[in-house]
Amino acid sequence: MEILRTVEELRCWSRSRRRAVGGRAQRIGLVPTMGALHAGHLSLIRAARAASSDVAVSIFVNPTQFGPQEDFARYPRSFDADCALARAEGADSVFAPAVEEMYPPGAATFVEVEGLSDRLDGASRPGHFRGVATVVAKLFVAAEPDLAFFGQKDAAQVAVLKRMTADLRLATEIVVCRIVRDADGLALSSRNAYLSGEERRQALALSRAVRRVEEFVAAGERRSCALIAQARDIFAAEPQVRVDYVALVDWATLEPVETAVVGSLFAVAAWVGATRLIDNAVLG
Ligand code: AMP
């Protein structure tokens with residue numbers, strides 16, 4: 001497994017791998033991450049391994065997607081362990097640039113997906129999706145991947161990035177992978193490492209709320225107000241958890257919908273202590 005540090009190295013790696021080998025066209029798969037890899041990330045690498053001839057995993061804690069009061073400085077970083085995990089899942093390269101490599105001095109170019117970037121997480125994290133879209137666009141331009149793998153866990157991010165790739169007419173196909181959870185239902189997240197034992201217990205309110213809504217949909221409830229009320233009841237039983245949003249939206253536009261249909265996104269975000277967590281379900 002190669003460790004790549006510069007955009008030029010990533011571009012050369014991708015282009016050299018893409019050249020047809022023995023007449024067989026190569027498919028480059030990219031898995032963008034911020035490191036602190038867990039089983040959710042590994043599921044993306046596995047999906048990439050299964051669908052691509054060559055897999056690059058990027059590990060970059062992207063400063064532009066963090067607000068000034070957010071956890072950029074203390075975000076968990078575990079590069080050596082991450083590389084061992086990526087290698088064990090069959091990654092062919094890890095791209096781990098310095099901040100100045102992705103944002104050269106004087107960098108003034110950003111990618112803004114208008115409208116979508118202000119909804120759900122974008123509403124409470126101004127500038128977050130501008131940072132995400134910008135860094136992912138840079139990764140796509142450098143790696144020229146055929147496929148890029150993202151988790152449904154960050155469902156609003158998926159909507160923003162699908163819009164971006166469509167708008168910029170990029171050739172990369174976005175593949176969305178299901179949410180990986182702990183045995184008790186908590187969606188895996190690098191930020192779960194911040195939780196105390198008691199906070200981790202409280203954090204189960206998110207997955208419980210999502211599951212409750214899925215159960216009500218399975219039982220025939222479709223009204224947004226009723227589904228949101230069910231989720232809010234779960235949060236009300238855990239008063240230490242501060243709800244950011246509970247929403248039923250169209251997954252493509254992130255606009256609220258009155259009635260759930262197949263493919264609607266039910267999403268929640270909440271603060272557990274100082275840690276902001278998210279969870280969701282795509283309704284069947
Ligand atoms: P992050 O390192 O948090 O930026 O996440 C990198 C990628 O892993 C994103 O596409 C996330 O959606 C995805 N991811 C994070 N947590 C999970 C999870 N529990 N299940 C599946 N994918 C996940």
Side-chain angles (χ1 to χ4, degrees), residues 4-11 13-14 28-36 41 44 48 56-77 79 82 93-176 189-191 251-254 269 276 278:
L4 312 170
R5 294 288 183 181
T6 68
V7 166
E8 192 52 29
E9 284 170 4
L10 176 60
R11 183 169 287 133
W13 175 85
S14 172
I28 308 294
L30 174 68
V31 182
T33 81
M34 297 205 298
H41 299 114
L44 305 189
V57 176
S58 66
I59 297 178
F60 180 62
V61 185
N62 174 35
T64 63
Q65 71 187 70
F66 290 77
Q69 308 304 324
E70 294 185 352
D71 55 342
F72 174 71
R74 71 180 188 121
Y75 194 85
R77 289 162 170 87
F79 184 67
D82 290 348
S93 69
V94 162
F95 175 55
V99 170
E100 312 76 60
E101 179 66 17
M102 294 307 275
Y103 298 98
T109 305
F110 290 85
V111 176
E112 180 108 33
V113 180
E114 292 183 1
L116 280 175
S117 293
D118 300 327
R119 298 180 193 136
L120 298 188
D121 308 283
S124 41
R125 303 183 69 189
H128 171 67
F129 285 129
R130 179 184 195 245
V132 170
T134 299
V135 79
V136 171
K138 286 172 184 254
L139 290 170
F140 283 8
V141 166
E144 301 169 335
D146 300 278
L147 304 168
F149 296 80
F150 294 90
Q152 181 199 314
K153 206 289 262 66
D154 296 85
Q157 168 173 284
V158 167
V160 168
L161 295 177
K162 281 189 169 176
R163 186 74 254 163
M164 179 190 81
T165 48
D167 290 353
L168 297 180
R169 296 274 191 253
L170 299 179
T172 302
E173 180 188 335
I174 292 195
V175 182
V176 184
S189 163
S190 305
R191 291 192 168 94
W251 195 5
T253 65
L254 305 181
R276 187 176 174 283
I278 56 175

Could you check whether any side-chain heavy atom of [X] comes within less than 4.5 Å of a side-chain heavy atom of [Y], counting everything from C-beta outward?
{"X": "Met102", "Y": "Val135", "result": "yes"}
{"X": "Val158", "Y": "Gln152", "result": "no"}
{"X": "Ser117", "Y": "Arg130", "result": "no"}
{"X": "Phe150", "Y": "Val176", "result": "no"}
{"X": "Phe60", "Y": "Leu139", "result": "no"}
{"X": "Trp13", "Y": "Phe95", "result": "no"}
{"X": "Ile278", "Y": "Asp121", "result": "yes"}
{"X": "Glu112", "Y": "Thr134", "result": "no"}

I'd like to know if the side chain of [X] and the backbone of [Y] have a donor-acceptor N/O pair within less than 3.5 Å.
{"X": "Glu100", "Y": "Pro105", "value": "no"}
{"X": "Thr165", "Y": "Leu161", "value": "yes"}
{"X": "Thr172", "Y": "Asp146", "value": "no"}

Next item on the list: With sequence neighbours left out, write down each residue that passes side chain to side chain contact (heavy atoms under 4.5 Å, CB included) with Asp82, or none if nothing qualifies.
Entry: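 Scan of Asp82 (side chain to side chain contact (heavy atoms under 4.5 Å, CB included), adjacent residues dropped) gives Leu37, Ile59, Ser78.
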Closest approach of [X] to [Y] (non-hydrogen atoms, all atoms of both residues):
{"X": "Gly122", "Y": "Phe129", "value": "N-CE1, 3.4 Å"}
{"X": "Val113", "Y": "Ala133", "value": "CG2-CB, 4.2 Å"}
{"X": "Arg276", "Y": "Ala269", "value": "NH2-CB, 3.6 Å"}
{"X": "Val7", "Y": "Glu101", "value": "N-OE2, 2.8 Å"}
{"X": "Gly35", "Y": "His41", "value": "O-CE1, 3.6 Å"}

Taking the six-membered ring of [Y] as reference, does the NZ or CZ atom of [X] fall below 6.0 Å from its centre and within a 45° cone about the axis?
{"X": "Arg77", "Y": "Phe72", "result": "yes"}
{"X": "Arg74", "Y": "Phe66", "result": "no"}
{"X": "Lys138", "Y": "Tyr103", "result": "yes"}

Notebook entry, point to check: Should the pair Asp167-Arg163 be classified as a salt bridge under the 4.0 Å nitrogen-to-oxygen rule?
Noted result: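 Yes, this pair counts.
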